[in-house]
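Just below is one structure, and these are the notes that go with it.
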Amino acid sequence: MTIKGKKSGAAPKKAPDAAGAGEVAKGAGGETHQVAGGDVATLTTAQGAPVADDQNTLRYGARGPALMEDFHFREKIFHFDHERIPERVVHARGYGAHGYFELTDSLADVTRADIFQRVGERTPAFVRFSTVAGAKGSFDLARDVRGFAVKLYTQEGNWDLVGNNIPVFFIQDAIKFPDMVHAVKPAPDRDFPQAQSAHDNFWDFISLTPESLHMIMWVMSDRAIPRSFRFMEGFAVHTFRLLDAQGRSTFVKFHWKPKLRLQSVVWNEAVKINGADPDFHRRDLWNAITSGDFPEWELGVQLFDEAFAEKFAFDVLDPTKLIPEEDVPVRIVGRLVLNRVVDNFFAETEQVAFCTQNVPPGIDFSNDPLLQGRNFSYLDTQIKRLGSPNFTHIPINAPKCPMAHFQQDGHMAMRNPIGRANYEPNSWGEAGGPREDPVRGFRSFAAEETGPKVRLRPESFADHYSQARQFVISQTPIEQKHIGDAITFELSKVERADIRARVVSHLRHIDENLAATVANGLGLPLPEPAKAARPVIADLPPSNALSIVRNGPHSFAGRKFGILLTDGADAGLFDALVTAAEKEKAIYEIVAPKIGGVTLSDGRALPAQQKIDGGPSVLFDAVAVIISADGATRLAGDAAARDFVTDAFAHCKFIGYAAEAIALFAKAGLADDLDDGCMVLKTDADVDGFVTACHALRFWDHEAKVDLDAGA
Ligand code: HEM
């Protein structure tokens, strides 16, 4: 059959490109052709052949069928069809950045690890933060543990500190990990709820796994809804070993402490942030780094020996227990600075592969059964996820130190050993490739182990409640209230009443007030206490290090003001606020009725960063409402503007306002509630006072005035 049509490849007419990319031409169908030339590169196929037309498939006649001969189309579509790889089975949603670790205090006395020898030396680092349960496309403010995985490219091999923002874990033995993860992920029949633990399966598992109760207290606290990655701690959780040149061992727990100190949001706010900006945490990290405000953490170590381990009330191999900082102080030995965003999300953040077994000489494992299982799991899952054992060839995973080995071939091998010898021992002398190094090489701690081969949980792991209790009593009253609210909320989503009651039966061992609050919030008779495997140690002292509020920021640096402006807003007040904010190293965004901005009282035009309905107050740490009388009257009729102030109030944020704003507060129902957390701004001194007040985390008194949670 003959199909009539125009010849393909007729050159379109060119004109300068409005988008600034060379010349632009319109094709016969009106489609846009941007044309290479000057500094603009030529588009090619993956084989390097220059492409003439990327808008039209090759076809027989303008309206005829596509031709199989079109290698450019086939290559482009086939590659697109294969773009996806499996997401991580846990921690699927994550965000990474580059930086460095700098040693500030040598650990040469206890370890031969090269990274800990020379004060002032910098080691390149890559960090990936994540949520655990949600899919890759879920939202940032899920109530969840945050992953805090650090890859340190040391001169003696990559060291991965694959941690979380919580120092303990749900389970004591890795064999329970698939069950725990299945339970928290969406139910297999209905595939919901997404990125949430508030459902029957999760709480069923928890209620039958009392070892998880300590971790549960952390996850129900505000630790699980951090303000941003920049304001959270990181922990490697397990007890590791440091080994010196003689092979002597010191136990160690690793901590990351944020320079900006700790800050979280409140639950009602988290729920709204997820709607307003599901990328809240990743955007925050990206913006901080690209604006030069580099996030920073200190690396701390808790060092202890066998003698301490023997006398400690819990087993140091039990990952559901922490060692209070009051018992073993955290020694700061270095700092981690994130100073470069990725060039490409997939190439770096998605393809990075952390693994607990990646340790350099001088660092070693303990017998923690969770750690031992992790060492197996990560490598296995990454071969599946990245498709080949050669994922170590991907630049983000490759060591930055010299390396040589005889591993070869496999899918996507990028650098096979060169030369004739691909085995050892061999007779090829210097050309024979690498050899062992008994001095520099990795050596395991020569632990002497005895005992029968058994499946047996040690009795020293049997105390499930004492540290959970210690965590709760270490919180300030507002933080304790949040824990109660969170458990009540989560259990209110659990359909089976017996599961709700079983959870409360555990809480009775942790804190009777907490158990009573939750039971009351659920409308549940207080159940009998669960059968405890070990009596609770009720007199563990509170630890200040466990509270966020007690470790909150000392300034407003790195935090964000939302400044609501209208036309005619007081220019002097605005300038004073900006000056104070900049002095504080704070960030601010202008929120206005129109994204085009406002005209201030002195006639100056200012663009806005947010339109009022796209910039709710949940996106800010504190707000200022600098609006004219006319603006206040107009905004009083706008639901988004009213929400801006009522939410800021309900979420205990400091509010600074121009006197003219009162009409908006009145309409929002707040006029009678304005208290010390709401400051009228008239003078520069008022503005300074407001910014200083904002140093505190929140003005918690507001929470008593608003009914955020029916269970409270
Ligand atoms: C203290 C307990 C644990 C912590 C702190 C932890 C932490 C993490 C972190 C931070 C990630 C994300 C890494 C990244 O950003 O790519 C991750 C991923 C993962 N974890 Fe864990 N995890 C723990 C327990 C476990 C256990 C017990 C297992 C299995 C036995 C496990 C298996 C995995 C797997 C399979 C991945 C996905 C890795 C990948 O696809 O690259 N984790 N974990």
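With salt bridges taken as basic N to acidic carboxylate O contacts below 4.0 Å, none links R283 and D140.
Shown are Q117, R112, R118; of these, the side-chain hydrogen bond (donor to acceptor under 3.5 Å, both in side chains) with D114 is made only by R118. Of the residues V110, V333, D105, the one that meets the side chain to side chain contact (heavy atoms under 4.5 Å, CB included) test with F116 is V333. When the options D53, T45, D54 are evaluated for a side-chain hydrogen bond (donor to acceptor under 3.5 Å, both in side chains) with H72, the one that passes is D54.
Residue R435 places its CZ atom among more than 12 non-hydrogen atoms of other residues, nucleotides or ligands, all under 6.0 Å distant. Around CD1 of I175, the count of heavy atoms belonging to other residues, nucleotides or ligands within 6.0 Å does not exceed 12. More than 12 heavy atoms of other residues, nucleotides or ligands sit less than 6.0 Å from atom CD of E83. Taking a 6.0 Å sphere around OH of Y423, one finds it holds more than 12 heavy atoms contributed by other residues, nucleotides or ligands.
For the salt bridge (charged side-chain N to carboxylate O under 4.0 Å, His left out) test, residues two or more places apart in sequence or in another chain that qualify with D318 are K321. Residues passing the salt bridge (charged side-chain N to carboxylate O under 4.0 Å, His left out) test with D204 are R502, sequence neighbours excluded. For the salt bridge (charged side-chain N to carboxylate O under 4.0 Å, His left out) test, residues two or more places apart in sequence or in another chain that qualify with R457 are E211.
The aromatic rings of F202 and H199 sit tilted relative to each other, their planes meeting at an angle between 30° and 60°.
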Exercise. Assess whether side chain to side chain contact (heavy atoms under 4.5 Å, CB included) is satisfied between E121 and Q155, documenting all intermediate values.
Key: CA-CA 11 Å; E121 192 170 280; Q155 292 178 34; 3.4 Å; yes

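Not less than 6.0 angstrom separates the ring centroid of W256 from the ring centroid of F129.
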